[in-house]
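All values derive from a computational prediction rather than experimental measurement.
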Amino acid sequence: MRFIKFVLLVAFFLFFMVFFVQNQAQLSTVLELKFNMFTLNWQAQPLPFYMVVLVFFVLGALFSTIFFVVDRIRVGSVCRDAQSKAQSLQYELDALKAKQSIVTPAPAPAPAAEPEAKA
């Protein structure tokens, strides 16, 4: 399985390298981002288009990772609470069973039926 993952990763990398080389002129186009609202005027440095795409890809990956880590922590907390509740209920059930077996004696075994005599 590790070998298959490695081969897929190499193929993925090769595919995007070929894509980048074949579209280098379009991806290297300079892009200037501006934001003007009321008195706030902001302008970024001119950057190549591929750099803008790469930066936003990395930011998306970071935000997704943070979201899933927080969600994993929350789910783990809920699971620990549920396991703790199940364990306390199991202790309570065992205590009630033990109490019931002390109060109520075990039923006596039924006598074995005697075979009927043939006449």
Quiz prompt | CZ-OG distance between Arg72 and Ser77, expressed to the nearest 0.5 angstrom | solution = 12.5 Å

Practice problem: List the steps, then state whether side chain to side chain contact (heavy atoms under 4.5 Å, CB included) holds for Lys5 with Leu8. | Solution: CA-CA 5 Å; Lys5 286 182 183 179; Leu8 290 175; 5.8 Å; no

Exercise. Could you name each residue pair satisfying ring pair (Phe, Tyr, Trp, His ring centres under 6.0 Å) that touches residues 34-69, not counting sequence neighbours?
Key: Phe20-Tyr50

Exercise. Answer yes if Leu59 and Val53 sit in the same cluster of Ile, Leu, Val, Met, Phe, Trp and Tyr residues linked by side chain heavy atoms under 4.5 Å apart, and no otherwise.
Key: yes

Quiz item: Quick one: does Ser64's side chain have a donor or acceptor within less than 3.5 Å of a partner on Gly60's backbone?
Solution: yes

Quiz item: Would a distance-only check, ignoring hydrogens and angles, find a side-chain to backbone donor-acceptor pair under 3.5 Å from Thr65 to Ala61?
Solution: yes

Quiz item: How would you list, by chain and number, every residue that makes a side-chain hydrogen bond (donor to acceptor under 3.5 Å, both in side chains) with Arg2, sequence neighbours excluded?
Solution: none

Self-check item: Partner set under side-chain hydrogen bond (donor to acceptor under 3.5 Å, both in side chains) for Glu92, not counting sequence neighbours
Solution: none

Self-check item: Set of residues satisfying side-chain hydrogen bond (donor to acceptor under 3.5 Å, both in side chains) with respect to Asn36, sequence neighbours excluded
Solution: none

Quiz item: Is any side-chain N of the basic residue among Lys97 and Asp94 closer than 4.0 Å to the acidic one's carboxylate O?
Solution: no

Quiz item: Any side-chain heavy-atom pair from Phe13 and Leu9 closer than 4.5 angstrom?
Solution: no

Exercise. Give a yes or no on whether Gln45 atom CD has more than 12 heavy-atom contacts from other residues, nucleotides or ligands under 6.0 Å away.
Key: no

Quiz item: Hey, what else clusters with Val75 if you join Ile, Leu, Val, Met, Phe, Trp, Tyr whenever side-chain heavy atoms sit under 4.5 Å?
Solution: none

Quiz item: Quick one: side-chain hydrogen bond (donor to acceptor under 3.5 Å, both in side chains) pairs with a partner in residues 10-31, sequence neighbours left out?
Solution: none

Self-check item: Phe12 and Phe16 aromatic ring geometry - parallel, tilted or perpendicular at 30°/60° bounds
Solution: perpendicular

Quiz item: Ala98 and Ser101: which non-hydrogen atoms are nearest, and at how many Å?
Solution: O-OG, 2.8 Å

Self-check item: Heavy-atom pair of closest approach, residues Asn41 and Met37
Solution: OD1-N, 4.5 Å

